[in-house]
Peer 1: 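Shown below is the structure under consideration.
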Amino acid sequence: MDPLEVTTTWARMLSVTAGACAAAGAPGPGTRIRGKPALDFGSGPWLGLIDFEGLRRPERETLLPWLRERIEPLLLVRHLLLAKPLGEEVFIELGPRALEAMPEGFRDAPRPILILAPAGRTRPERRRQYLDALSRLRIPLVSAGSSLWAIREFDPEFVVALARLWKDSERSAFRASIDPSQTRLFDQQLPAAEAAVLDDLVGARDEESEIALDVESVSALNPDAHPLAVYAAVERTRNRRKAPKERTQFSARTIEARLSARGFPEDVPSCTEQFAARAAAIVPLLPAELQRAFEATELLARD
Amino acid sequence: MRRLETQSGFPGASSETAVVQDRWESLLGKTPRLRPWLSQMVERRRMVLAERLGRDAGAEIDRLLWSDLGRWLRDFEALPSYAVSAIALDLADEPPPRPADRPRPPAPDAGLPDRAEARSPENAACELEALVADPAFALAFHCIVARVRPRLEPLTKDRPSLARIPEWAWFGLLHASVPAEPRLTARVAISLVLRMLSPGWAAQPGGARKAALRLFHAGPLDARAVADSLRAALPTDWNLSAEAVPEFVAAASQVRKGLSEASALCARLVSRTCATCRRTGKPRPGGLGLLQEDGAGTASDAEVREVSETARKYAQMTGFAPLLAILDEAP
């Protein structure tokens, strides 16, 4: 592998520790919704599938031991049980550590599944492959269907850089290459950057945003719905109002709706007085928010 | 085995706390690496409680510390043992807390925690300066100064009803309006600088930030329907009257346009740096090397002169020098 590019890696590290995210997309188990982590809406850890397709061979070889020896337990304490990485084929296989650590009965019930995809590296049809493969599986883990499957994208270059810096030799070489006045800062920033990336992978650093506000209000109106199902409905209602280039496909339900040509154009029902009255009693909304919440609630009911 | 209460800062034990104490000792016996972290947590928590309750409230502080110890214990006991070891190792690797990281008392609406990194203005200024030492963030800073600030200044000057809303609040709202992206793009760089420019925003209670963000994205039709409850949830010092709500909504629209213009300008300047570096064969310095071209046209000479002007005004921001060294060359 080429030597690590010091200035860009250092700039990226500083930006991530300053608050830029290294992973984004659908909620993860750590994303806070209505004041509590999404994990609290179900029981047990979520299943994480990291996608290696699109990564180069040396990148995979760097990531594999780092994930297995360093990251897997650190993600588990963040309530994400990481399965073996996905290659060309999409299937669920748990490694020995995951098998040892998973709670009893983990595989006997449906679980939220978070696919960690390398941003900018996957082919457009890859999302369809995720969906097709998971739909074909006949195991309890996936039996709740696509409303519990979603995608978060991560920065592959930075994650690989962190994996390389985990090795003493790479870390020493990197440290020797930066300005001597910054070596102490580097020593502090590296663990902070790693923790930030892990938190980003599970959504623990997700901040307030327009879509997060909609997820909160729809979740308040549908308290029994899982955050991933709520996110799926909200993403679809927001996509209806966006230009094609701005639409997102982080929820498996969104992908499924598009593939089955139910995504666009859709009949958009108008908010009923009955719903408006119910909403007013639970979470007062502005007219545009109310309409979106109504559409999302309709989608949730239909799904 | 060391007893918990013999460690510095630990609360005094009693018969009521014996069970928690025994369970902690059992856990620490299996995971000794957790012990220094626990001592540090207890000391920090004791300091916060003493600041809040007074140093004479020893008994109450001990009671609250045992309550915390019970809560942490349940969290750790719920984890597989190797995960506890892993987190203990991870915690041991963490650098000592900076002064700005000292734990703060919980916000009034504890269900909506503030961003953990709410910082002092001095600390924020230092961090901003460190960030804009990189040319990518100096570029983002320029785009905010050149396109967002000029939109904002007349809005607050001409509308007395909005004068009480500080600039950092608008910047915080803009930051929250930029969709999260997993890689460093021109838009992310701008968003990060906006975050650094709005330290006061993070210090607002979560409920106030949410209410403000909802109003910030409201349309003209929404403005007429804004309920008193939403206005009441806004930051208290804004004192926004019902009559001023449409003005706020109109101003928000202008500020969002400023952000779009800043993003477009940033993309054009990135294109120009890419074109110049391709021609000269030089690498793009620092974070500029991470910013991707997105098909935008190239920045004009007039736009480059604007960067020079910002660099002159903010001479202490060292990231401008390498940026201008590229921009001043013909693409």
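Residue numbering restarts at 1 for every chain, and letters A, B, ... go by the order of the sequence lines. Heavy atoms only: backbone and side chains are in, while hydrogens, waters and symmetry mates are out.
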Peer 1: Taking every heavy-atom pair that is under 4.5 Å apart, which of Leu184(B), Leu192(B), Leu221(B), Val178(B) has the most such pairs with chain A?
Peer 2: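 Option with the greatest count: Leu192(B).
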
Peer 1: Please flag which part of Ala23(A) lies under 4.5 Å from any non-hydrogen atom of chain B: side chain, backbone, both or neither.
Peer 2: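 Just the backbone, heavy atoms under 4.5 Å.
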
Peer 1: Name the region of Phe137(B), side chain, backbone, both or neither, that has any atom closer than 4.5 Å to a heavy atom of chain A.
Peer 2: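 Only the side chain of Phe137(B) comes within 4.5 Å of chain A.
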
Peer 1: Among the options Leu213(B), Val188(B), Leu215(B), pick out the one with the most heavy-atom pairs lying under 4.5 Å from chain A.
Peer 2: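 Option with the greatest count: Leu213(B).
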
Peer 1: Once you round to the nearest 0.5 Å, how far does CG of Asp214(A) lie from CZ of Arg292(A)?
Peer 2: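 Spacing of CG (Asp214(A)) from CZ (Arg292(A)) equals 4.0 Å.
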
Peer 1: Looking at Glu153(A), Glu210(A), Glu246(A), which makes the most heavy-atom pairs under 4.5 Å with chain B?
Peer 2: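 Looking at each of Glu153(A), Glu210(A), Glu246(A) in turn, Glu210(A) comes out on top.
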
Peer 1: Using the test ring pair (Phe, Tyr, Trp, His ring centres under 6.0 Å), find all partners of Phe174(A) that sit at least two apart in sequence or belong to another chain.
Peer 2: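 Partners of Phe174(A) by the ring pair (Phe, Tyr, Trp, His ring centres under 6.0 Å) criterion, ordered by chain and then number, come out as Phe186(A).
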
Peer 1: Using non-hydrogen atoms only, which part of Asp134(B) is less than 4.5 Å away from chain A: side chain, backbone, both, or neither?
Peer 2: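 For Asp134(B), the contact with chain A is made by the side chain alone.
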
Peer 1: With a 4.5 angstrom heavy-atom cut-off, could you sort out which part of Ile211(A) is near chain B: side chain, backbone, both or neither?
Peer 2: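 Neither part.
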
Peer 1: Among residues at least two apart in sequence or on other chains, which ones pass salt bridge (Lys or Arg N to Asp or Glu O under 4.0 Å) with Asp199(A)?
Peer 2: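 Residues passing salt bridge (Lys or Arg N to Asp or Glu O under 4.0 Å) with Asp199(A): Arg78(A).
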
Peer 1: Take Arg121(A) and Glu59(A) through the salt bridge (Lys or Arg N to Asp or Glu O under 4.0 Å) test and state the conclusion after the steps.
Peer 2: CA-CA 12 Å; Arg121(A) 298 283 193 93; Glu59(A) 291 177 325; 2.8 Å; yes

Peer 1: Given that the side chain runs from C-beta out, which part of Leu230(B) has a heavy atom under 4.5 Å from chain A: side chain, backbone, both or neither?
Peer 2: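 Contact with chain A: side chain only.
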
Peer 1: With respect to chain B, which residue among Pro103(A), Pro156(A), Ala24(A) yields the maximal number of heavy-atom pairs within a distance under 4.5 Å?
Peer 2: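 Maximum pair count with chain B is reached by Ala24(A).
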
Peer 1: Under 4.5 Å, counting heavy-atom pairs only, tell me which of Asp222(B), Leu290(B), Leu288(B) racks up the most with chain A.
Peer 2: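 Winner by heavy-atom pair count: Asp222(B).
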
